[in-house]
Amino acid sequence: MSTQLHELGVAELGEALAAGRTSSVEVTRHLLGRVAAATGLGAFLVVDAEAALAHARAADARRAQGEPRGALDGVPIAHKDIFVTAELPTTAASKMLVGRGAGSGGYRSPFDAAVVAKLAAAGTVTLGKLNCDEFAMGGSNENSAFMPARNPWDRTRIPGGSSGGSAAAVAARLLPAATGTDTGGSVRQPASLCGVTGIKPTYGRCSRFGMIAFASSLDQAGPIARSASDCAALLQAMSGFDARDATSAEQPVPDFAAALHTPRAGASGSKPLAGLRIGLPKEFFGTGVAADVNDAVRAALARCAELGAALVEVSLPRTELSIPVYYIIAPAEASSNLSRYDGVRYGHRAANASDLLDLYRKSRSEGFGAEVKRRIMIGTYVLSHGYYDAYYLQAQKLRRMIADDFQAAFARCDVIAGPVAPTVARPIGSQTDPVAEYLADIFTLPASLAGLPAMSLPAGFGEAGLPVGLQLIGNYWQEAALLHAAHAFQQATDFHLRAPEGC
Ligand code: GLN
């Protein structure tokens with residue numbers, strides 16, 4: 001069976017383990033072999049085969065004793081290198097965190113991030129840490145200080161970002177699932193460009209404890225897997241209140257897996273999406289979307305209508321403003337969060353500094369990459385005395401209005417749908433204008449600013465046979481509604497089952 005093990009998703013693998021058709025050690029070995037053969041993909045920053053096999057053996061022993069921790073026990077995954085881990089080094093794909101700590105492979109955390117600990121408690125086996133944009137800043141993975149991750153559908157193209165290594169690894173069948181983080185689209189956009197499924201939950205659903213901070217009022221963890229049902233299983237384990245994160249919500253966590261199969265309240269008839277009103281914001285279908293993406297998304301929505309959903313037009317009139325608003329708020333928070341990397345308490349320390357100020361300057365100049373420096377400078381500027389009211393305060397007011405626009409739209413629909421990204425994956429190195437790169441975030445930023453749950457699922461294929469994602473946005477704490485709709489779509493389509501050639 002070992003040649004097909006990588007083709008199994010999370011649920012199928014759980015079933016195979018439960019039935020004794022494979023062992024965690026067998027599947028872990030198999031996937032480690034694939035990871036080793038796929039180094040050109042740039043998906044992993046570090047792999048620890050020995051530790052992974054030790055955890056796999058422990059999972060097998062629990063099963064042998066009839067005491068598995070649940071359906072995820074023994075399932076191999078990997079974490080975006082934004083989550084700190086006690087067993088593995090952490091770099092946030094930045095040189096800033098290399099050079100301090102044991103072996104200098106990266107920062108050695110004394111503890112696991114909350115999400116990492118929760119997934120470990122569920123029995124998952126961590127293979128390693130995944131590549132991303134430096135400090136999660138970017139949408140292409142080109143901002144990794146080490147190497148760009150590549151898109152398995154066409155290795156000359158970006159996998160998206162910032163969770164590019166996570167999406168590339170899942171798409172290439174190196175792993176059934178991975179963790180990501182999403183501040184302004186970093187789970188959804190790479191999932192879309194790599195043809196896999198990802199969900200960013202409501203802000204406050206997953207603990208941010210141990211997630212290296214980028215923009216704290218926006219940062220959320222989220223799973224990337226092949227299907228909505230596999231995402232549901234991961235999200236279940238990742239969710240829940242944590243007193244160590246000041247913005248963690250004391251919100252009950254529903255049974256996401258059960259919700260996949262539960263018909264909507266009030267739905268009549270046998271169609272799986274009967275009674276679901278899908279709102280299509282007219283601003284998401286304008287001139288800014290490439291024709292191939294628009295066509296694939298429209299076709300997917302027509303499929304939803306066949307499955308019983310009603311399509312209604314809605315409006316999110318401040319969609320365009322989400323770009324300046326996000327690119328003021330996120331850098332402002334980043335400039336504050338990244339001030340801790342001063343070469344003294346945290347981060348790379350430059351040699352031969354003449355005094356303290358020189359040490360700060362040299363350490364930060366050497367440690368941070370160009371995009372991170374750009375954001376620290378923008379953030380410091382917009383927060384500075386004299387400009388605070390004009391930029392930061394104004395952006396905060398608009399952020400509230402963007403959230404209000406969603407509530408007006410949700411009066412007319414249950415979920416909102418549209419594209420994730422305006423185009424399919426572009427070639428690596430083809431974008432040198434940072435502002436043009438920021439504009440491509442237009443469809444993911446609004447839900448982030450409002451703190452709403454949103455997901456990306458494979459909708460079809462566009463130019464050059466590259467994947468196109470469909471975005472679904474829900475109201476607060478309505479992840480189950482998104483997963484339910486995505487699961488119904490995936491039961492009726494096979495886009496999420498297609499693998500890149502040779503994978
Ligand atoms: N592309 C966006 C940015 O560069 C989003 C990144 C993210 O969600 N971490 O900030």
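For the numbers below, each heavy atom of this structure counts, side chains included, while hydrogens, waters and symmetry mates do not. Both ligands and their constituent atoms are indexed starting at 1 by order of listing.
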_Test: Asp405 and Arg318 ion pair at under 4.0 Å_ = yes

Quick one: list whatever passes salt bridge (Lys or Arg N to Asp or Glu O under 4.0 Å) with [X], sequence neighbours left out.
X: Glu333; answer: none
X: Lys129; answer: Asp81
X: Arg340; answer: none

Using a 4.0 Å cut-off on heavy atoms, what residues surround ligand 1? Order them by chain and number.
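Residue list for ligand 1: Ala136, Met137, Gly138, Gly139, Ser162, Asp182, Thr183, Gly184, Gly185, Ser186, Phe214, Tyr326, Tyr327, Arg375, Asp441.
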
State, to 0.1 Å, how close Ala228 and Thr197 come at their nearest heavy-atom pair, and which atoms those are.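 Heavy atoms of Ala228 and Thr197 come nearest at N-CG2, 3.8 Å.
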
Point to revise | Aromatic centroids of Phe209 and Phe111 separated by under 6.0 Å | key: yes

